[in-house]
K.L.:
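Sharing a structure here in structure tokens format.
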Amino acid sequence: MTMVPYNPSTIEEKWKARWKDMGIFEVDIAGTRPFYCLVEFPYPSGEGLHVGHTRSYTALDVVARKKRMEGENVLFPMGWDAFGLPAENFALKTGRHPAETTEKNIARYREQLQSLGLSFDWSREVSTIDPSYYKWTQWIVTKLFDTGLAYKKKTQVNWCTSCNVVLANEEVEGGVCERCGGEVIGKEKEQWMLEITAYAQRLIDDLDQVSYPARVKKQQIDWIGKSKGALIQFSLQNTDRTIEVFTTRPDTLFGVTYLVLAPEHPLVKDIVVEDKKDEVSAYITQTRKKSQQERIAQGDIKTGVWTGSYASHPATGEALPVWIGDYVLMEYGTGAVMAVPAHDQRDYEFAHAYNLPVRPVIESDNTPQNEAYEGEGTLINSGEYSGKTSQEARNTITKDFGEEKVIYKLRDWVFARQRYWGEPMPLVFCVTCKEQIEKGDTEGRTQGEIRNPGWMSVTQEQLPVILPDIKEYKTTEDGESPLARVDEWVKTTCPRCGGAAQRETDTMPQWAGSSWYYIRYIDSQNNTSLGKKELLDKWLPVDWYNGGMEHTTLHLLYSRFWHKFLYDQGVISSPEPYMKRTSHGLILGEGGEKMSKSKGNVINPDDIVKEFGADALRLYILFIGPFEESIPWNNNGLIGMERFLKRVWNLYQTVSFVDKGDGTIESETQKTLKKVSHDIDALKYNTAIAALMSLFKIYEEKKNEISKESAKLFLLLLSPFAPFIAEELWETVCHETNSIQKSEWPSVDEKKIQTEQVTIAIQVNGKMRGTVTVPPASNEDVVWEEAIQQKQVALYIEGKDIKKKIFVKDKILNIVL
RNA sequence: GGGCAGGUGGCGGAAUUGGUAGACGCGCUAGGUUUAGGACCUAGUGUCCUCGCGACGUGAGGGUUCGAGUCCCUCUCUGCCCACCA
């Protein structure tokens, strides 16, 4: 027999074509035993696939392949999150339409993914930029609007003064434009918001139902940031107005010595006294100019200005000066705080800077210098409440002076971008309808229409609202979306009264399309609904979803929110989208730093496949280290994988397998089967592959005693990791006619694992002095008799008193002297 | 400042969860082999020495235990995420 050398590219081309012809990875969507295995779909960037993608995708590909072999009906789909800034920025530079460049990138990504042998079901591919897809993204938004969960609000957008364009937060670096280095200022704009905060509690509670890594759950809970506290009113002196504050420490009410409002607080303009007006407005202008970066960099330095007004303490009537300070955030709580400098570090620093009084009201043993005591304790200086504990006082003071209140750090979702390359909002504005609603005629109006007078969603028949083809991608001078320039598109008719109306010209953020894509895969061609209810009920929730840690508080939270909304709407029957979530660690550059174009340390998977083959790349990316940890890339590691594959290839080419093989091979193969099965489920690919390598060494040692059965078993175990070589040897050496993917994943034969001998460690005073080999389950006496035969053991115990012997069956015998 | 990971050979990492530390891969050393290539094969490869049936050894120090990389306490360093949230 002449030996054919291992040539990955030949066999990979062959099997890619075969698999495609066989349609072997296409799911039977109507079939039984559904298993939905999902990876985050990529943004098809101009740089092509990143090795980081291959880690996530290969990992779940192994799961998908094993599950199929175990008889599950596996849905493992792929698609494109294709709206986004880089394509639009590229268009700004070159004038080439984003659709054109995106299509090209998608084609390249598709080819790259296929070359890795990933077993995606390409018949269900979706793309967020496809009108037949975003029709349903828009449909969901119309429902959110109709339900009253969308509203317009004035918020700040980042405006680059040199590009004259609105920037996303991630495009602002250190207060300047990432692309041109120009100054970035805040610009006020009315924008659509989605009321995710209405789901805050459920987003916390339902984490109990799902299996996410603990750190992911914790991060989401912290991000949502639930606080229990009280709302307390402080009446302003000389007016009938009140300032409402939120506090988590009502027990410190008697320690309040002043109040602070956020600079943006609406009451500010009303309460500033005449001769303070200049000073206050100067302060407000100054803080508005401060970038987020500066505010953080300043750290502990608190600034503020007195309004000249006083409020009355609700219990004592004492006059409390009302200040303005930018350490108070308008977006959190009520935008106003009651300052208790004795028991809040920030208030303490502020009071210190402006010489405001500090009044301790909680007893503390050793109050450190220059610090507030933030702990709890017994109340002092608190009138009738003195002597109570913090806990008691919290309840009674809340009852007596305010009301209980729960608030969240989570903010509503700014659901608008003044950009071109995104889904158009399916909303129109009609002046006639606005007037009607404002007159109080709200008959037949949706919650959304009442909440946003004049605005309404388009009808389902009018969907999709197609993104028009344009030539000029720049934002308009006043920061409107480029779509605002397309008159014939903006002008439309009112879906209610048929009069003249205008479309919303902002587009959706990139997170929109990715918030529900996993639903669409199930019934990707459906033109009358998001998906057939019966199918959605069967396939949702997703059984296993893998993606990056960086999506924990954005994508993962957003899609849980939309899923819950769709659940409330009766579109789907599960309250949670993903049953199990795992997260892969980053692949770093060879030096241990992040891979980036500018550092020039990016690894292109194409080059690796060309040089070493897809199987070697797959093995390496899985073998590289623990799946959830960040690991530096090392090209040498690939050489090891290539060697292993070559050795496997050569052995199968040159050895003739026998009918009855060696017993050790059989039992070791069974042990490895058990370990590999377990390790795949636990995402411990590095040890699974190590076990396969160790097993293979035994095959090489006893290469003339390998049974056909063991030879086949080894290929079955190898096939999820290195499917190409496994298929090829399965066919050409084992002469199997059906794809290895169609074979059954073997079950462990425990009988064969039973070994005839076990090695037991012998310790003297806890130190290793030798080993003995005995039959399994031997008792202490047998092991002892064997142990004292050992010269080195005997030497150590000679002439000594044996206090006791510790014996652990099949493991260890420790002789204590 | 807060939270979460983590610290084991020259490197990436194993260790059945308290029971033979360093599996597996890379690298390195020696020898072999070859029509010379990131080839292949064999042996070795934690540290130290007086080279043994030796001592030491999992960031540092202490503790529990017959026995600790693993559990407890104190400290230290690194990475990631969040960051004036009242």
Side-chain angles (χ1 to χ4, degrees), chain A residues 213-216 218-219 222-223 225-227 229 245-249 252 260 292 295-296 298-302 325-329 331-340 343-347 349-350 407-411 549-550 552-553 585-586 588 590 592 594 611-612 619-620 623-626 628-644 646-647 650 675 678 684 686-694 696-697 759-771 790-796 803-808 810-817:
Chain A
R215 56 181 173 151
V216 171
K218 184 170 185 343
Q219 216 173 304
D222 289 352
W223 185 261
K226 181 180 182 172
S227 299
V245 306
F246 173 77
T247 178
T248 52
R249 292 298 300 275
T252 62
V260 190
Q292 204 71 4
R295 281 205 186 188
I296 294 166
Q298 274 188 345
D300 293 342
I301 303 162
K302 304 275 181 290
D326 68 359
Y327 80 98
V328 177
L329 308 172
E331 307 88 61
Y332 185 72
T334 60
V337 303
M338 55 177 228
V340 185
H343 303 293
D344 182 286
Q345 188 58 22
R346 294 154 304 180
D347 296 342
E349 283 159 16
F350 191 85
I407 62 165
Y408 301 91
K409 284 184 202 168
L410 183 69
R411 309 283 152 79
M549 264 318 274
E550 71 276 18
T552 298
T553 51
L586 291 175
L588 306 168
E590 298 220 36
K594 257 191 180 172
E611 254 186 278
F612 298 94
L619 281 179
Y620 176 62
F623 184 72
I624 192 166
E628 308 224 314
E629 270 159 51
S630 297
I631 315 271
W633 178 266
N634 180 359
N635 251 325
N636 278 332
L638 279 157
I639 295 171
M641 300 304 124
E642 193 192 28
R643 278 180 197 156
F644 171 64
K646 265 188 199 165
R647 274 162 50 206
N650 291 343
K675 177 158 180 61
H678 170 267
K684 295 177 78 175
N686 50 340
T687 51
I689 292 168
L692 283 172
M693 287 173 162
S694 300
F696 189 72
K697 273 191 190 168
T759 308
I760 291 182
I762 307 299
Q763 296 181 338
V764 178
N765 279 343
K767 288 216 190 302
M768 258 294 290
R769 296 302 176 193
T771 59
Q790 302 246 334
K791 219 173 155 189
Q792 58 269 53
V793 177
L795 198 79
Y796 276 97
K803 260 204 206 142
K804 60 174 162 176
K805 289 180 270 184
I806 310 260
F807 179 69
V808 182
D810 291 348
K811 286 225 164 108
I812 201 160
L813 175 68
N814 189 9
I815 301 155
V816 185
L817 303 175

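Proteins come first, then strands; the chains are lettered A, B, ... in the order of their sequence lines, and each starts at number 1.
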K.L.:
Within the structure provided, determine whether I806(A) and Q763(A) are in side-chain contact (heavy-atom separation under 4.5 Å).
P.N.:
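No, too far: nothing below the 4.5 Å cut-off.
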
K.L.:
Using a distance-only criterion (donor-acceptor N/O pair, under 3.5 Å, no hydrogens), is the base of C66(B) paired with the side chain of N814(A)?
P.N.:
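Between C66(B) and N814(A), which were checked side chain against base, a qualifying N/O pair under 3.5 Å is present.
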
K.L.:
Using atom P of each nucleotide, how far apart are U16(B) and G6(B) to the nearest Å?
P.N.:
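That atom pair is separated by 15 Å.
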
K.L.:
With syn defined as a glycosidic torsion within 90 degrees of 0 and anti otherwise, which applies to U17(B)?
P.N.:
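Chi for U17(B) falls in the syn range.
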
K.L.:
Taking the C1' atom of each, how far is C28(B) from U64(B), in whole Å?
P.N.:
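It works out to 41 Å between them.
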
K.L.:
Roughly how many Å apart are C80(B) and C75(B), using the P atom of each and rounding to a whole number?
P.N.:
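To the nearest whole Å, 24 Å.
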
K.L.:
So does K811(A) get a side-chain nitrogen or oxygen closer than 4.0 Å to the phosphate oxygens (OP1/OP2) of A15(B)?
P.N.:
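False: K811(A) side-chain N/O out of range (4.0 Å or more) of A15(B) OP1/OP2.
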
K.L.:
For A30(B), what is the paired nucleotide under Watson-Crick or G-U wobble rules, both distances under 3.5 Å?
P.N.:
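A30(B) is paired, partner U42(B).
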
K.L.:
Consider side-chain contact (heavy atoms from CB on, under 4.5 Å). Of I812(A), I815(A), T771(A), which one does I762(A) pass it with?
P.N.:
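Passing option: I815(A).
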
K.L.:
Pull up the glycosidic torsion of C53(B) and say syn or anti, syn being anything within 90° of 0.
P.N.:
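C53(B): syn.
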
K.L.:
Determine if the base of G9(B) is syn or anti; take syn to mean the glycosidic torsion is within 90° of 0.
P.N.:
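That one's syn.
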
K.L.:
Remember a base hit wins even if backbone is also touched, and classify V337(A) as base, sugar-phosphate or nothing at under 4.0 Å, heavy atoms.
P.N.:
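It contacts base atoms.
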
K.L.:
Looking at T552(A), does any N or O in its side chain come under 4.0 Å of the phosphate oxygens OP1/OP2 on C81(B)?
P.N.:
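For C81(B), OP1/OP2 do not have a side-chain N/O of T552(A) under 4.0 Å.
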
K.L.:
Do F623(A) and M641(A) have side chains that get closer than 4.5 Å, going by heavy atoms?
P.N.:
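Yes; the side chains approach each other to less than 4.5 Å.
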
K.L.:
Taking only side-chain nitrogens and oxygens of K804(A), does any of them come within less than 4.0 Å of OP1 or OP2 of C66(B)?
P.N.:
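Yes, because at least one side-chain N or O of K804(A) sits under 4.0 Å from OP1 or OP2 of C66(B).
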
K.L.:
Using a 4.0 Å heavy-atom cut-off, does E628(A) contact any base of the nucleic acid, only the sugar-phosphate backbone, or nothing at all?
P.N.:
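The answer is nothing, as E628(A) stays clear of every strand by at least 4.0 Å.
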
K.L.:
Tell me: CD of E331(A) to C1' of A86(B), nearest whole Å?
P.N.:
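One finds 14 Å between C1' of A86(B) and CD of E331(A), rounded.
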
K.L.:
Looking only at side-chain N and O atoms, does N636(A) come under 4.0 Å of OP1 or OP2 in C11(B)?
P.N.:
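For C11(B), OP1/OP2 do not have a side-chain N/O of N636(A) under 4.0 Å.
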
K.L.:
Roughly, in whole Å, what's the span from CG in N634(A) to P in C11(B)?
P.N.:
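Going from CG in N634(A) over to P in C11(B) covers 13 Å.
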
K.L.:
Tell me the interatomic distance from Y620(A), atom OH, to C24(B), atom C1', rounded to whole angstroms.
P.N.:
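Rounding to the nearest Å, OH of Y620(A) and C1' of C24(B) are 13 Å apart.
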
K.L.:
With both distances under 3.5 angstrom, what nucleotide forms a Watson-Crick or G-U wobble pair with U17(B)?
P.N.:
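Here U17(B) is not engaged in any pair, so there is no nucleotide opposite it.
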
K.L.:
Quick one: which of A15(B), G13(B), G19(B) gets closest to the side chain of K684(A)?
P.N.:
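Ranking A15(B), G13(B), G19(B) by closest atom to the K684(A) side chain puts A15(B) first.
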
K.L.:
Can you check the W223(A) CH2 to C82(B) P distance for me, whole Å?
P.N.:
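Checked: the CH2 to P distance equals 7 Å.
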
K.L.:
Would you say R643(A) reaches G38(B)'s phosphate, i.e. side-chain N/O to OP1/OP2 under 4.0 Å?
P.N.:
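Negative; the distance criterion is not met.
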
K.L.:
C1' atom, A43(B) versus U33(B): distance in rounded Å?
P.N.:
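Their C1' atoms lie roughly 15 Å apart.
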
K.L.:
Closest to the N686(A) side chain: C81(B), A86(B), G13(B)?
P.N.:
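Side chain of N686(A) sits closest to G13(B).
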
K.L.:
Using a heavy-atom cut-off of 4.0 Å across all strands, would you classify I631(A) as base, sugar-phosphate, or nothing?
P.N.:
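Touches sugar-phosphate only.
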
K.L.:
Under a 3.5 Å cut-off for both distances, is G69(B) Watson-Crick or wobble paired, and to whom?
P.N.:
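Its partner: none found.
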
K.L.:
Is there a donor on the side chain of K805(A) or the base of C66(B) sitting less than 3.5 Å from an acceptor on the other?
P.N.:
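No, the side chain and the base share no sub-3.5 Å donor-acceptor pair.
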
K.L.:
If we take the P atom in both U70(B) and A15(B), what is their distance in whole Å?
P.N.:
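Nearest-Å result for U70(B) against A15(B) at atom P: 16 Å.
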
K.L.:
Determine the Euclidean distance between corresponding P atoms of U29(B) and G46(B); express it in Å to zero decimal places.
P.N.:
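16 Å, rounded to whole Å.
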
K.L.:
Would you say C24(B) has OP1 or OP2 under 4.0 Å from some side-chain N or O of K697(A)?
P.N.:
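Yes, K697(A) has a side-chain N/O under 4.0 Å of OP1/OP2 on C24(B).
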
K.L.:
Take the protein atom NZ of K218(A) and the nucleotide atom P of G2(B), then report the distance between them rounded to whole Å.
P.N.:
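In whole Å, G2(B) P and K218(A) NZ are 13 Å from each other.
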
K.L.:
Whole angstroms only, please: what is the NZ-C1' distance between K302(A) and A83(B)?
P.N.:
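So the NZ-C1' distance, K302(A) to A83(B), works out to 12 Å.
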
K.L.:
What's R411(A) touching, base or sugar-phosphate or nothing? Going by heavy atoms closer than 4.0 Å.
P.N.:
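Answer is base: heavy atoms of R411(A) come under 4.0 Å of a base.
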
K.L.:
For C80(B), which nucleotide is its Watson-Crick or G-U wobble mate, given both distances must be under 3.5 Å?
P.N.:
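Checking every strand shown, C80(B) finds its partner in G3(B), with both distances under 3.5 Å.
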
K.L.:
Please determine, for the side chain of F623(A), which listed nucleotide (C24(B), A83(B), C4(B)) has the closest atom?
P.N.:
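Between C24(B), A83(B), C4(B), the one nearest the side chain of F623(A) would be C24(B).
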
K.L.:
Quick one: pull up CG in D222(A) and OG1 in T552(A) and give me the separation to the nearest 0.5 Å.
P.N.:
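Between atom CG of D222(A) and atom OG1 of T552(A) there are 11.5 Å.
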
K.L.:
Taking atom types as modelled and ignoring hydrogens, do the side chains of N634(A) and Y620(A) form a donor-acceptor contact shorter than 3.5 angstrom?
P.N.:
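Y620(A) and N634(A) do not have a side-chain donor-acceptor pair below 3.5 Å.
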
